[in-house]
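Reading through the C-alpha cells given below for one structure.
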Number of protein chains: 2
Amino acid sequence: MPAPRLPRHGCVDRPKVNDCDSCGARALSICGSVADSDLARLGDLAEVVKLAAGAVLTREGEPAPYVFNVTTGSLRVYKLLPDGRRQIIGFLFAGDFLGLAIGEFYVFSAEAMEPTTVCRFRKGPFRALVESSSPLEHMLLHRTSHELAAAQNQMLLLGRKTAIERLASFLLDLPGHDPARPTVPGHVRLPMKRGEIADYLGLTIETVSRVLTRMKANGIISMPSQSDLIVERPDLLRAHAGGEI
Amino acid sequence: MPAPRLPRHGCVDRPKVNDCDSCGARALSICGSVADSDLARLGDLAEVVKLAAGAVLTREGEPAPYVFNVTTGSLRVYKLLPDGRRQIIGFLFAGDFLGLAIGEFYVFSAEAMEPTTVCRFRKGPFRALVESSSPLEHMLLHRTSHELAAAQNQMLLLGRKTAIERLASFLLDLPGHDPARPTVPGHVRLPMKRGEIADYLGLTIETVSRVLTRMKANGIISMPSQSDLIVERPDLLRAHAGGEI
DNA sequence: CCGGCGGGTTGAGCCAGATCAAGGCCAACT
DNA sequence: AGTTGGCCTTGATCTGGCTCAACCCGCCGG
C-alpha cells in the first residue's frame, strides 16, 4: 500500500523578496491598492505557497499564524460540525483574501480545489503593515464589507430559499467570482464537485443532481460536460432565483 | 377608522452639535475609538433619531443616504423575498453599527424592536471622516470582520443544523449581544417575538414554540414569562448546540 | 363583565428534501 | 480488454419541519 502523500501545507518557494510587480493577481487583490514603497514591504513579508488539488491550507481549530492572498487557482472554505456535517462558507479565487476574522485559531478550514498558489503573510507583521498603510486598510475594509453583504445574501438563501431557488441563485452568482476565467456570457464553469455545491447551498448531492436535471429538462440550462454549464434561458433562471425584493 | 401613524423615520433631534461625551453607548461603539478632535467632528455629523417600537429605519431597495449607530434599544435587520418570506440577518443593540456594506441603496430593512435611539450620519461626510481617521477605520475593520465571522457561523447554523441545534445555539449566543442588559448568568431576555426568532433561525413560529416546550419538558430551560428564559442545564444546552468541531 | 385582538401553544396531516440503495459513466491502471 | 474507483444520476422510501387549523391566555377598551 502506498504511503498517503497529500501535501499537508503545500511547498513554499523562498526567494524571500517576491516579485509582486509581475504577479498576475496584483490588480485583482489588495496588493493592487498599495503604493510602491508599501508594495516592497508587502513583498518582503510574502511567502509563496503552492498547493496541489486537495491540499489543506488551514484547519479549523488549529493555531493561526498566517493570513493569505490567493494568486491562482481556487479554494473551498468551510466549517464542520462534530459529526462531520459540512457547510462551505465560500469559494475563493485569484485576488481573494483570507484570514481577517481570525483570532488565535482558524475558525474555518481551507483546501485547494485545483492546483493553487497563495501568498501567505505572518499575521503580526501583516497587521503592522496594515496599520501603517491607510490605503491598504481602506481596501481591506471595502472588501470585508462586501464579503459581509455576500454572507447576508447567503443567509437569506440558506434560511428561506427552496432547492430550485438556491441552485438558480448560485448559477447566477458564480460567473462574477472567478476573474481568472472571464467566460463567454451564458457559459458557467463549475470548478467544484456536486458535493461541494451541495454543502455550499445547504442541500444534499442528490438534490443538487435532481434539480440540475430538472433544469435541463426544462431547457433552462444545458451541460456540455459535468463541469461546464450553459444558461440557455437566463430569464427563466432569474425568475426561479426569486431575487431580492 | 383612525389614520395609520407608525412613524416612518422617527423624529430627529437637532441640536446639531451633539454631546457625545455623555453618550451612554460611546464606550460600546465606534465612537469610543476616536480622539477628542475627531469626536467633535463626529458629533457635528450626527443626528439623533428616536424610534418608537416597530418604527422603520431603513427599507430594502430604497436610496441609502445614511449610516447608523445604535445608542439605546434594539433593531431587527432583515431581507425579504418577493413573496414575503423574511430572513432576519441580525439583531442590533446599543453600540452596534449599521450600514457599512451599502452602496447607493439599502440592501436590508431595519426596524426598532422597542423604543430605540440611533445616531445617523450622512454617508459622504462619514466616509470622509473615516478616511481621515485611521483609528476609526481600524475600529470599523475590526468590527466588520467580527460580524463576518458571526455571519459565517450563522451560515453553518442555517445550512446544516437541526431545529433543536439552532435554538440551543441561539440561546447560548444571545446573552453576549445586549450590553445594555448585563443579566445574571443563566438568565436570558428575549426582546424579540417568536416570529422573529423563527425568521432569524430559518424555522417557523410553530417549530420554535415546539422546540422550546420540548426543552422545558426536558428540564433544560424554564420560562418565567414569554420573554424571560432561564437556562437550567447549560451543559445539556451546549450538548444540543453541537458547537464547533 | 364581556368581546376582540395579538401573541403563543398544540394537534393532525402533508410534503420538500433527506436517506438509502442501485446503477451508470469515464478515466486510470493492470 | 477488463477492473477499479471516483463521481454522478436515478429510483424508492422516510421524515423533520412546514402547513393548516384549533385553541388558549392575558390585555385592553367599552
Side-chain angles (χ1 to χ4, degrees), chain A residues 1-2 4 6 52-54 76 81 83-87 111 113-114 157-170 190-218 221-229 240 242, chain B residues 1-2 4 6 53-54 76 81 83-87 113-114 157-170 190-218 221-229 240 242:
Chain A
M1 185 206 307
L6 256 191
R76 57 178 169 259
L81 290 173
D83 64 359
R85 280 171 289 170
R86 178 176 71 164
Q87 178 66 40
E111 296 167 2
M113 296 200 294
E114 54 189 322
L157 180 149
L158 292 170
R160 289 301 180 216
K161 290 191 182 178
T162 65
I164 310 94
E165 291 169 339
R166 293 180 198 207
L167 257 300
S169 304
F170 176 66
L190 298 174
M192 62 292 289
K193 315 184 199 296
R194 296 292 183 272
E196 294 168 339
I197 298 176
D199 283 350
Y200 182 60
L201 299 179
L203 300 170
T204 58
I205 291 181
E206 293 94 327
T207 300
V208 170
S209 180
R210 276 186 251 268
V211 170
L212 287 177
T213 30
R214 191 134 43 102
M215 284 181 171
K216 277 183 266 183
N218 296 343
I221 61 169
S222 62
M223 297 193 58
S225 90
Q226 282 186 347
S227 61
D228 279 280
L229 185 149
H240 274 106
Chain B
M1 183 206 309
L6 255 190
R76 55 177 171 260
L81 290 172
D83 63 0
R85 277 171 290 170
R86 177 177 73 164
Q87 178 66 39
M113 296 202 292
E114 53 189 324
L157 180 147
L158 292 170
R160 289 302 181 214
K161 289 190 182 179
T162 65
I164 310 92
E165 292 168 338
R166 292 180 199 208
L167 257 300
S169 305
F170 176 65
L190 298 174
M192 61 293 287
K193 316 183 198 295
R194 298 291 182 272
E196 293 167 341
I197 298 176
D199 284 350
Y200 182 59
L201 299 178
L203 300 170
T204 58
I205 290 181
E206 293 93 327
T207 299
V208 170
S209 179
R210 277 185 252 268
V211 170
L212 287 178
T213 29
R214 190 133 44 101
M215 284 180 171
K216 277 184 266 182
N218 296 344
I221 61 169
S222 61
M223 297 192 62
S225 88
Q226 282 186 346
S227 61
D228 279 279
L229 185 148
H240 274 106

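Values in this document were obtained by computation on a predicted structure and should not be read as measured data. Letters A, B, ... are given to chains in the order of the sequence lines, protein chains preceding strands, and every chain is numbered from 1.
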Problem set entry | Gap between atom CZ of B:Phe170 and atom CD1 of B:Ile197 - 0.5 Å precision | 4.5 Å
Are any of the side-chain heavy atoms of [X] and [Y] separated by less than 4.5 Å?
X: A:Met215; Y: A:Asn218; value: no
X: B:Arg210; Y: B:Arg214; value: no
X: B:Arg76; Y: B:Arg86; value: yes
X: A:Arg160; Y: B:Leu158; value: no

Integer-rounded Å distance: [N] [atom2] and [X] [atom1]:
X: A:Lys193; N: D:dC8; atom1: NZ; atom2: C1'; answer: 12 Å
X: A:Ile205; N: C:dC20; atom1: CD1; atom2: P; answer: 14 Å
X: A:Asp199; N: C:dA18; atom1: CG; atom2: P; answer: 11 Å
X: A:Leu190; N: D:dC7; atom1: CG; atom2: P; answer: 15 Å
X: B:Met192; N: C:dG8; atom1: CE; atom2: C1'; answer: 16 Å
X: A:His240; N: C:dA16; atom1: NE2; atom2: C1'; answer: 15 Å

For this session: Could you give me the CA-CA distance, side-chain angles and deciding distance for B:Val211 and B:Leu203, then say whether side-chain contact (heavy atoms from CB on, under 4.5 Å) is met?
Result: CA-CA 11 Å; B:Val211 170; B:Leu203 300 170; 5.8 Å; no
Exercise. In B/S/- notation, 5' to 3', how is nucleotides 13-28 of chain D contacted by protein heavy atoms closer than 4.0 Å?
Worked result: ----SSBB--------
Problem set entry | Sequence-aligned protein contact record of nucleotides 22-28 of chain C, with B where the base is within under 4.0 Å of a protein heavy atom and S where only the sugar-phosphate is | -------
Problem set entry | Partner set under salt bridge (charged side-chain N to carboxylate O under 4.0 Å, His left out) for B:Arg194, not counting sequence neighbours | none
Exercise. Do A:Leu190 and A:Gln226 pass the side-chain contact (heavy atoms from CB on, under 4.5 Å) test, and can you show the C-alpha distance, the side-chain angles, and the key distance before you say yes or no?
Worked result: CA-CA 8 Å; A:Leu190 298 174; A:Gln226 282 186 347; over 6 Å; no
